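Here's the structure, in structure tokens; my notes come after.
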Amino acid sequence: MTRPGFKRILLKLSGEVLMGDQGFGIQPETVARMAQEVKAAKDAGFEICLVIGGGNIFRGMAGAAKGMDRAQADYMGMLATIMNALAMQNALEQIGVDTRVQSAIQMDQVCEPVIRRRAERHIEKGRVVIFAAGVGSPYFTTDSGAALRAAEMKCDALFKGTSVDGVYDADPKLVPTATRYESLSFDTVLSDNLKVMDASAVALCRDNNIPIVVFSIREDGNLARVLAGEGTATIVTNKN
Ligand code: UDP
């Protein structure tokens, strides 16, 4: 399947990609490398909305598993995503990419609140908009935040940068014979419970016809390659 051309994309990076080999937190060299990936995509003419997770710092489910109130733990997770967004903003601005952070949890001293029309203006001016704090409510994840922002910002596709180069029929780290899908339908992802994104995020993309492109962010220059229709990735669309 040839990949369609896109102009405006939403890039979702999980918090884990910022921690590098540290196992926790934010590794500045890794954040700088991610910023280079975003810059290369920007230089290639793409409009970029960015959503970063918080799993490198705190996940609500992990807190709840240790006895915390789930909603309270989820709010902590959302705050973690704001820290990651600020780290990425810093790294991007250090290499000359203009950015704005908009958070779904208002934090006036450090970033803007989410205002769609303002975000639109930032994009028109060539800035990268980093959306933090997911959807701003507990019991959600940043995958759902990414799908929501992709829909409201009318992005042509949602690019999910992970540590594997697409969607496989089994976990390629555990099953050596696992095979990668070139393309998939949203319905197959949901019915076969394939680990692409949360079901609510996948359903939102399906209902709004936003393709999801799953690719590896670990190889240098891969985002630009995948955006150019090269490199390995799996594309999830409404086509069967
Ligand atoms: N979170 C939330 N609502 C949202 C987005 C995030 O409650 O809309 C919390 C949730 O606890 C989640 C944590 O923030 O575990 C970090 O986000 P996520 O797990 O999506 O990060 P990722 O796995 O992408 O690093």
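Each ligand, and each atom within it, is numbered from 1 in the order the structure gives. We use all heavy atoms of the structure for the numbers below, so side chains are in, but hydrogens, waters and symmetry mates are not. Owing to the predicted nature of the structure, the values given are computational and were not obtained by experimental measurement.
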As a test of reading the model: which N/O atoms of the protein lie under 3.5 Å from N/O atoms of ligand 1, and at what distance?
{"from": "ligand 1", "atom 1": "1 (N)", "to": "Phe140", "atom 2": "O", "distance (Å)": "3.4"}
{"from": "ligand 1", "atom 1": "3 (N)", "to": "Ser137", "atom 2": "O", "distance (Å)": "2.7"}
{"from": "ligand 1", "atom 1": "3 (N)", "to": "Phe140", "atom 2": "O", "distance (Å)": "3.1"}
{"from": "ligand 1", "atom 1": "7 (O)", "to": "Phe140", "atom 2": "O", "distance (Å)": "3.4"}
{"from": "ligand 1", "atom 1": "8 (O)", "to": "Val135", "atom 2": "N", "distance (Å)": "2.8"}
{"from": "ligand 1", "atom 1": "11 (O)", "to": "Gly60", "atom 2": "N", "distance (Å)": "2.8"}
{"from": "ligand 1", "atom 1": "11 (O)", "to": "Asp74", "atom 2": "OD1", "distance (Å)": "2.5"}
{"from": "ligand 1", "atom 1": "14 (O)", "to": "Gly77", "atom 2": "O", "distance (Å)": "3.4"}
{"from": "ligand 1", "atom 1": "14 (O)", "to": "Met78", "atom 2": "N", "distance (Å)": "3.4"}
{"from": "ligand 1", "atom 1": "15 (O)", "to": "Gly60", "atom 2": "N", "distance (Å)": "3.2"}
{"from": "ligand 1", "atom 1": "19 (O)", "to": "Arg59", "atom 2": "NE", "distance (Å)": "3.2"}
{"from": "ligand 1", "atom 1": "20 (O)", "to": "Thr142", "atom 2": "N", "distance (Å)": "2.8"}
{"from": "ligand 1", "atom 1": "20 (O)", "to": "Thr142", "atom 2": "OG1", "distance (Å)": "2.5"}
{"from": "ligand 1", "atom 1": "21 (O)", "to": "Gly54", "atom 2": "N", "distance (Å)": "3.0"}
{"from": "ligand 1", "atom 1": "21 (O)", "to": "Gly55", "atom 2": "N", "distance (Å)": "3.4"}
{"from": "ligand 1", "atom 1": "21 (O)", "to": "Thr142", "atom 2": "OG1", "distance (Å)": "3.4"}
{"from": "ligand 1", "atom 1": "23 (O)", "to": "Arg59", "atom 2": "NE", "distance (Å)": "3.3"}
{"from": "ligand 1", "atom 1": "23 (O)", "to": "Arg59", "atom 2": "NH2", "distance (Å)": "2.6"}
{"from": "ligand 1", "atom 1": "24 (O)", "to": "Lys12", "atom 2": "NZ", "distance (Å)": "2.9"}
{"from": "ligand 1", "atom 1": "24 (O)", "to": "Thr142", "atom 2": "OG1", "distance (Å)": "3.1"}
{"from": "ligand 1", "atom 1": "25 (O)", "to": "Gly15", "atom 2": "N", "distance (Å)": "2.7"}
{"from": "ligand 1", "atom 1": "25 (O)", "to": "Gly54", "atom 2": "N", "distance (Å)": "3.2"}
{"from": "ligand 1", "atom 1": "25 (O)", "to": "Gly55", "atom 2": "N", "distance (Å)": "2.8"}

side-chain hydrogen bond (donor to acceptor under 3.5 Å, both in side chains) against Asp171, all qualifying residues, sequence neighbours excluded: none

Which value, rounded to the nearest 0.5 Å, describes the distance between Phe131 atom CZ and Gln102 atom CD?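 Reported value, rounded in 0.5 Å steps: 5.0 Å.
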
Contacts of Arg127 that satisfy salt bridge (Lys or Arg N to Asp or Glu O under 4.0 Å) - sequence neighbours left out: none

Which residues satisfy the salt bridge (Lys or Arg N to Asp or Glu O under 4.0 Å) test with Arg118, sequence neighbours excluded? Glu112

Between Gln27 and Asp21: side-chain donor-acceptor atoms closer than 3.5 Å: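 Looking only at side-chain atoms, Asp21 and Gln27 do form a donor-acceptor pair, the distance falling under 3.5 Å.
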
Going by atom types only, do Lys173 and Ser163 share a side-chain donor-acceptor pair under 3.5 Å?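 Yes, Ser163 and Lys173 have a side-chain donor paired with an acceptor closer than 3.5 Å.
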
